[in-house]
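Written below as structure tokens is the structure these notes are about.
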Amino acid sequence: MDNVYKKIKAAIKNKATPYLFLSPTVILMLVLLVLPIIMVIYYSFLNNAVVVKEPHLVGLSNYKSIFSDKEFWGAIKNTVFFVTVSVAAHIAIGMGFALLLNSNYFKRGTKTIARVIYVLPWVFTASVIAILWKLMLQPSGIIDYLLSFVQLATKDTEWLSNRKISLAVITFVNIWCGYPFYMISILAGLQGISQDLYESSALDGATAFKRFLYITVPQLKPILLSIMMLDFVWTIQSFSVIWMLTGGGPVNSTQTLSIYIYKLAFHSSKYAKASTAAVFALVVCIIISIFYVKQQKKVRE
Amino acid sequence: MVGGYKRSTKVILSILLILGGIFAGFPVLWMFVSSLKPNNRIFSWPPRFFEMTMSLDSYFKVLTDPVKIRYFLNSYFVSASVVILTLILGVMAAYAFSRFDFPLKNLINTMIVSVQAIPPIVLLIPYMSLIVFFKLFNTYFALLLTYLVITLPYCILMMTGYFNTLSMELDEAVMIDGGSRWTALWKILVPISIPGLVSVGMYTFMQAWNEYLFALVLTQTTEMRTVPVGINLLMGQHAYDWGQMMAMSVIGSIPVLILFILFQKYFIAGMSSGGVKG
């Protein structure tokens, strides 16, 4: 009898072991990830949250008010521009730099130094990136000076407070600090492509451009798709650099979805409405992530 | 003929390589140069790379200002604590994922991996009420706990992969000697995983050091602010002291830059394994 008891106890202990190892992480994730998501969805159905004592349910009225809010659609439009242009430019620059770093024309040492310099923008924190570009983009700053040679600017060109160009300017800054991730990932991918493929195509007399189009791109496709989807999710979420450069202004011209949510919640204390927009952002990110996971599974197979 | 073609290609590629270097590196260089200029020379027209009066004044001002020193101490304390906690919790979780099969494995794994898909701003709204409810507003704990949510997934993913490469026989040897799983993990697996732990720790440090949004919202008083928020607070002041802002940016970037230069192989391996972002 005693023996059976011991065996059961050992079996329970064995079954429980992985959960014991995981318990701190799981508790943390339940309280600070799962619970908040449930809360934010709940908030989106309340008249207001966080700042009111007794909130009450108001059904879908927050959703109606968000979807009929011109500012919301303006933020969506800005986000779509910001995200698509950033992702496209990240791929182009990341690919270009990766090809340069992978070419046989340069010495190893040169390539190592170039790689370190090219990765630099990725190392800096958002507030440093913001402050650094604010310095360069000031009227009579270095950008004005450099572009005055090609007649694109004068001594007092305003880059961040002109609503016609401010969105393009913050997108440019985001491109500057985001491409290294692509470059490194693509470089790793390039080094994984078998040289035989290139050699046999060289025998067939294919030009460099054709080799790029018919060998490099198809071989890199899985990596490219994966990093693009991650970048989509990250760029939709991006907040810090835009917030510090323009705060969403002038006249909401650089207000993206994250900025819109932040201002609603932490400036106007409209937490319920902010939660509603947050739920929208969450759903978009989850949909993209599902594609990402499917893509990852395909890569593994 | 072929030689000439090759040479012109090399020239074109070299020009591109240099232009790329300017695109990536010039802003950083300009930040550094500006940090050495007196404030009234920062926007001199035409801009000059070198001024007659370059000095380390701005650095001196930043490093003797107790408020700014406090930002640095806060950042070091928070980042170091996050690294330690992340490694402890992450190693335990990774051990469970690597060595056991259990019914909820997939579900828990999905929960951990999904963190990246959740925009931080979504979590931040409920965090406001949770943090106030637990009376953690404007404390180090508010930052430590919320940063763990961001840093743990990468640690768990990487360490699970690392442990998977280590033979099960190592654990079994310990258990035959009467040791527990716990002993096997901390006495055998962790010591031989130091290289993996170092790279994960570096990356975690960088994530924590660079975090801005949570630090902005979950802390309030000057003595709780971290470096990224502190740099931004300088920007909000009426009289911009660009020299000091640049000096603080340079000093604030040094820890991550040093880590990056020393361990760039690890960073790059981590980046190319995908799914990571500072």
Side-chain angles (χ1 to χ4, degrees), chain A residues 17-18 21-22 24-26 28-29 32-33 36 39-40 43 50 97 100 103 105-106 114 116-118 120-121 123-128 131-132 135-136 138 140-142 145 155 181 184-185 188 226-227 230 233-234 237 239-240 244 258 261-262 265-266 271 274-275 278 281-282 285-286 289, chain B residues 10 13 16-17 20-21 24-25 27-28 30-31 34 43 45-47 89 92-93 95-96 100 102 108 111-112 115 117-123 125-130 145-146 148-149 152 181 210 212-213 217 228 231-232 235 242 245 249 252-253 256-257 260 264 268 271-272 274-275 277:
Chain A
T17 315
F21 276 101
L22 276 167
T25 301
V26 169
L28 189 89
M29 292 290 173
L32 289 175
L33 183 74
M39 283 167 79
V40 84
Y43 286 172
V50 184
F97 283 0
L100 272 177
S103 79
Y105 287 96
F106 305 108
V116 171
I117 295 173
Y118 289 177
L120 266 185
V123 179
F124 292 95
T125 178
S127 45
V128 172
I131 215 163
L132 151 70
L135 171 86
M136 307 222 312
Q138 286 294 307
S140 78
I142 184 76
Y145 180 71
K155 190 183 169 193
F181 173 70
I184 296 298
S185 307
S226 298
I227 51 181
L230 276 177
V233 174
W234 290 333
Q237 301 174 0
F239 167 84
S240 309
M244 288 182 271
S258 299
I261 298 170
Y262 179 87
F266 301 105
Y271 287 95
S275 302
L282 183 65
C285 288
I286 287 177
S289 304
Chain B
K10 187 167 178 183
L13 288 179
L16 285 175
L17 193 79
V28 180
W30 193 248
M31 165 173 82
S34 299
F43 292 111
W45 188 275
L89 299 190
M92 286 165 61
Y95 186 74
F100 296 92
F102 46 96
I108 298 175
M111 180 171 84
I112 291 166
V115 170
I118 317 287
I121 190 93
V122 173
L123 296 174
I125 300 167
Y127 278 0
M128 258 327 250
S129 40
L130 282 174
L145 291 172
T146 50
L148 278 176
V149 177
L152 266 174
R181 291 268 181 191
N210 285 348
Y212 170 77
L213 180 58
V217 175
I231 292 174
N232 192 232
M235 227 181 334
W242 287 100
M245 294 199 296
S249 300
S253 306
V256 174
L257 262 180
F260 176 74
Q264 52 153 321
I268 283 167
M271 269 168 96
S272 49
K277 164 100 175 172

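Per chain, numbering begins at 1; letters A, B, ... match sequence-line order. This structure is a prediction, so every number in the text was calculated from the model and none was measured.
- Of the listed residues (Leu130(B), Thr146(B), Leu152(B)), the greatest number of heavy-atom pairs within a distance under 4.5 Å of chain A belongs to Leu130(B).
- Here the side chains of Thr125(A) and Val256(B) are not in contact, with every heavy-atom distance at 4.5 Å or above.
- For the residue pair Ser103(A) and Leu13(B), the shortest heavy atom distance occurs at OG-CD1, 4.4 Å.
- With a 4.5 Å cut-off on non-hydrogen atoms, Ser275(A) touches chain B through its backbone and its side chain both.
- Of the inter-residue distances, the one linking Ile118(B) atom CD1 with Ser289(A) atom OG reads 7.5 Å to the nearest 0.5 angstrom.
- Leu16(B) touches chain A through backbone and side chain together, each having a heavy atom under 4.5 Å away.
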Q: Check step by step if side-chain contact (heavy atoms from CB on, under 4.5 Å) holds for Met111(B) and Leu33(A).
A: CA-CA 9 Å; Met111(B) 180 171 84; Leu33(A) 183 74; 4.1 Å; yes

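- Atom CD1 of Ile112(B) is separated from atom CE of Met29(A) by 5.5 Å, given to the nearest 0.5 angstrom.
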Q: Output, in order, the C-alpha distance, side-chain angles, deciding distance and verdict of side-chain contact (heavy atoms from CB on, under 4.5 Å) for Leu17(B) and Tyr105(A).
A: CA-CA 11 Å; Leu17(B) 193 79; Tyr105(A) 287 96; over 6 Å; no

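- To the nearest 0.5 Å, atom OG of residue Ser127(A) and atom CE of residue Met245(B) are 11.5 Å apart.
- Proximity to chain B is limited to the side chain of Val233(A), based on heavy atoms less than 4.5 angstrom apart.
- Taken from CE in Met31(B) to CG in Leu132(A), the straight-line distance is 6.0 Å, to the nearest 0.5 Å.
- A distance-only check finds no donor-acceptor pair linking the side chain of Tyr95(B) to the backbone of Pro18(A) [under 3.5 Å].
- When each of Ile142(A), Leu120(A), Ile261(A) is checked for heavy-atom pairs under 4.5 Å with chain B, Ile142(A) comes out on top.
- Looking at Val28(B) and Phe124(A), their side chains come closer than 4.5 Å, going by heavy atoms from C-beta outward.
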Q) Does the pair Val40(A) and Leu123(B) meet the rule for a side-chain contact (heavy atoms from CB on, under 4.5 Å), with working shown? A) CA-CA 8 Å; Val40(A) 84; Leu123(B) 296 174; over 6 Å; no

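- Under a 3.5 Å cut-off, the side chain of Tyr212(B) and the backbone N or O of Phe239(A) do not form any donor-acceptor pair.
- Rounding to the nearest 0.5 Å gives a distance of 5.0 Å between CG of Leu135(A) and CZ of Phe43(B).
- With a threshold of 4.5 angstrom between heavy atoms, Ala274(A) approaches chain B through its backbone and through its side chain.
- Residue Trp242(B) comes nearest to Ile131(A) through the heavy atom pair CZ3-O, 3.9 Å, listed as atom of the first residue, atom of the second, then distance.
- Interface residue Tyr262(A): backbone and side-chain heavy atoms are both found under 4.5 Å from chain B.
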(Q) Does Phe102(B) form a side-chain contact (heavy atoms from CB on, under 4.5 Å) with Leu22(A)? I'd like the steps, not just the answer. (A) CA-CA 11 Å; Phe102(B) 46 96; Leu22(A) 276 167; 3.4 Å; yes

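- Looking only at side-chain heavy atoms (C-beta outward), Ile125(B) and Met39(A) stay at 4.5 Å or farther from each other.
- Nearest heavy-atom pair, Pro126(B) versus Tyr43(A), reported as atom, atom and distance to 0.1 Å: CA-CE1, 4.0 Å.
- The part of Val217(B) that comes within reach of chain A is its side chain, from C-beta onward, which places non-hydrogen atoms under 4.5 angstrom from that chain.
- The contact between Phe266(A) and chain B is made entirely by side chain atoms (from C-beta outward), counting heavy-atom distances below 4.5 Å.
- Ranked by heavy-atom pairs under 4.5 Å with chain B, the list Ser140(A), Ala278(A), Ser258(A) is led by Ser140(A).
- Put simply, the side chain of Leu282(A) reaches to within 4.5 Å of the side chain of Pro119(B), judged on heavy atoms.
- In terms of heavy-atom pairs under 4.5 angstrom with chain A, the leader among Pro120(B), Pro27(B), Ser34(B) is Pro27(B).
- One finds the CG atom of Leu32(A) at 8.5 Å from the CG atom of Leu148(B) (value rounded to the nearest 0.5 Å).
- With 3.5 Å as the limit, one finds no donor-acceptor pair spanning the side chains of Tyr271(A) and Ser129(B).
- Here the closest heavy-atom approach between residue Gly20(B) and residue Tyr118(A) is recorded as C-CE2, 3.3 Å.
- Closest non-hydrogen pair, Gly21(B) versus Ile117(A), comes out as O-CG2, 3.7 Å.
- Between Thr17(A) and Arg181(B) the shortest heavy-atom distance is CG2-CG, 4.2 Å.
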